[in-house]
2 protein chains.
Amino acid sequence: MSKPSSRNEPMTIARLAQHLGLAEGTISRALNNYPDIAEKTRQRVQKAARELGYRPSSSARRLARGVIETIGFVLPTCRTQHSDPFLAEILNGLATELSLHDWDLLVTSVPDGHDEVDVIDRLVGSNKVDGFVIARTRREDARVNYLRQSGVPFVVQGRTDHPDDYSWLDIDNEQAFVEAVTYLRGLGHVKIGCLGGDPTMNFAWQRRSGYLRAMAEQNGHIGVGYLIDGITDELTAFRAAQRLLAITENDRPTALLCVTDAVAIGAMHALTRAGLRVGEDISIMGFDGLPIGRAVQPALTTLHQDSYEIGREAGRMVLDLCTNPPSAPKQTLWQAKLTPRASVNPPAQSPAQQNKGGF
Amino acid sequence: MSKPSSRNEPMTIARLAQHLGLAEGTISRALNNYPDIAEKTRQRVQKAARELGYRPSSSARRLARGVIETIGFVLPTCRTQHSDPFLAEILNGLATELSLHDWDLLVTSVPDGHDEVDVIDRLVGSNKVDGFVIARTRREDARVNYLRQSGVPFVVQGRTDHPDDYSWLDIDNEQAFVEAVTYLRGLGHVKIGCLGGDPTMNFAWQRRSGYLRAMAEQNGHIGVGYLIDGITDELTAFRAAQRLLAITENDRPTALLCVTDAVAIGAMHALTRAGLRVGEDISIMGFDGLPIGRAVQPALTTLHQDSYEIGREAGRMVLDLCTNPPSAPKQTLWQAKLTPRASVNPPAQSPAQQNKGGF
DNA sequence: TTGTATGCGTTATCAA
DNA sequence: TTGATAACGCATACAA
């Protein structure tokens, strides 16, 4: 297909030079569009290169120029919970952005028993990458700490608890949950529960903070057992929701804020099983905007984030860091988009529905 | 952290040689455990290398040895449908296996408007990878066709319609759906429907074939509208299932085989919405073994596959191909594991339950 | 405008 | 057992 890059005798600059009767240096400069090459020669060289299927050896080029044009990405090490629905999207966006600039993406995992930081350190030390992208950030994150003192350009998707002196981009998780509470309060909900995620994960902690802050500011009621942490998937969500439903009907939340869509769906099933109607007896709200949210019954109100675009922006940022090293840390906060659907409605017999005018 | 790999003055073999008063070649051979180095020298060199934080430059090593020790992986180009739940798992397994052998994984996407084959061709041509892994195979797959004639070692996760002369590993999709039908027939179901996937995708086509073959062999009944193709996610599944439910109750399937768990869950919601009970009025069966299948209500009967292990095996295979190039194509077929749960039961008022003895 | 020479950091081939 | 020396393929400073 395409060019005759015959694998037995790979075309090199030396061969091209010989073929054209020019010096190797000339070929190299012609191909790289140096200004000191005659237009006619450039044409001739580039034409020959094309026809003979010349492809520069990236190893040689990297060695000569000292730039790898490769970004490293460490797969989040979470074999316990199943696949992160974002990972593929982020990876796709990141790879796309890099590929548009002819950079590569080197993906590694952390085998059981190996240390995350060592994996990064090896990649950096053996000159395999120029920069790094980190995802699924924890509040206290060894990877970030290592990279911070290593001098390697890197971008973090998410933030740690001390996010001042490095580049990151993140969804404004706290603000998103503030908006969620505001929305629910506006509909008349007072008793609002929350299924929070792993509190060592930054995104989960921030959503939880947003919930607590907004509930305090807006006089929501957080009863005993309303906030359950450590919910990471459908199954734990299912069980946690069952615990919530064990609260007597009068004291039970009328709305439930869930740290992710997956958690929301697990909760929905718990309600269904208990004979309750989602969106009528109890409203449920998720976070992510997964497509499944539109197929469940009722459709899931959620806070939508575009992880493909997040991946692309991470790519842009890390490329910028690698090509203009002395730039100041760039920090970008994106807003999640509240997407109302049928799983959230005003509370069943809420007095707030009737006389809500007087605050 | 770890070694003092000071980024300003990277440690090289030349520096080590100078430091130890040895020749560069000696250092190199000592570090690579050549047999012609005195044990004492080897120790001394390796100790110094460790202490001074020496890391071989992979670019230089690759250039000198002509081996890249890197495998390429092209992300499936499907921005329309959301993330493949397997991708992250497969990637994880693949990266893990490679990393255990000190190989790297280069991941690229196919930006909009670019050609999939070109992307692969560039990676191969510019010497960035030694081999390739392909996933989400189509029945007629340009990537496979290209790689087949390129001479580059590659492994396909899945198969094309003509899978004879290359290495692949795959779930036995056809057999899995034969087992599914057998299981349903054994419970007494006769009218069995099927929500099939994209028929240009190999896995979907083979599952569909298994369904058709088993239904024919086991005297199942495929009524008009029982088989719906092109169902790829929860939302299309939801709508397709609604079409199925439009069939009059007597002619309607009593069981529904779904090409994936996601599709099954979409179908479940359609039933719920229509006021039908999953597993009682209509049984539903999926394929994948996603964790959500245990959290939905009722829990989803499914055919389970372990995509992490699939990724690891793909890694083993491609490493084998790259290091022992003249080996014959290796082809591995794995069986999916039928996992009975509550979403499948004998049909409601099936006469087959009573007198099933006579075939 | 082009040619020459040198370097990038390793590995590999010879001598010694 | 070790030390020179030459690749590997490309980029670049300098000379012509």
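Just so we're on the same page: letters track the sequence lines, and every chain starts at 1.
- Going from atom CZ of B:R61 over to atom C1' of D:dA7 covers 17 Å, rounded to whole Å.
- Between B:I68 atom CD1 and C:dT10 atom C1' there is a gap of 13 Å when expressed in whole angstrom units.
- With respect to A:R312 and A:D306, no salt bridge is recorded, no charged nitrogen being found less than 4.0 Å from a carboxylate O.
- Map B:A60 and B:A38 each onto its nearest nucleotide of DNA chain D; the residue landing nearer the 5' end is B:A38.
- Using a 4.0 Å cut-off between charged nitrogen and carboxylate oxygen, A:D104 and B:K128 count as a salt-bridge pair.
- Among B:T26, B:I27, B:I37, the one residue that satisfies the side-chain contact (heavy atoms from CB on, under 4.5 Å) test with B:V45 is B:I27.
- As judged by a 4.0 angstrom heavy-atom cut-off over every strand, A:S59 is placed among residues making no nucleic acid contact.
- Environment of CD in B:Q43: crowded, with over 12 heavy atoms of neighbouring residues, nucleotides or ligands closer than 6.0 Å.
- For the pair B:I37 CD1 and D:dG3 C1', the computed distance is 10 Å after rounding to whole Å.
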At a cut-off of 3.5 Å, list every protein nitrogen or oxygen paired with a nitrogen or oxygen from nucleotides 12-16 of chain C, distance to 0.1 Å.
residue: C:dA12; atom: OP2; partner: B:Y34; partner atom: OH; Å: 2.3
residue: C:dT13; atom: O4; partner: B:R29; partner atom: NH1; Å: 3.2

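- Between atom CG of residue B:L98 and atom CZ of residue B:R316 there is a gap of 11.0 Å, rounded to the nearest 0.5 Å.
- Taking 4.0 angstrom as the limit, B:T41 places a side-chain polar atom (N or O) nearer than this to OP1 or OP2 of D:dT2.
- Rounded to whole Å, the distance from CD on B:E39 to P on D:dT2 is 11 Å.
- A straight line from CG of A:L63 to C1' of C:dC8 spans 4 Å, rounded to a whole angstrom.
- B:L31 has its side chain within reach of B:Y54: a pair of non-hydrogen atoms, C-beta onward, lies under 4.5 Å apart.
- Atom CZ in B:R15 sits roughly 8 Å away from atom P in C:dG9 (whole-Å rounding).
- Residue-level contact check: A:L22 touches the backbone only, with heavy atoms under 4.0 Å from sugar-phosphate atoms and none from bases.
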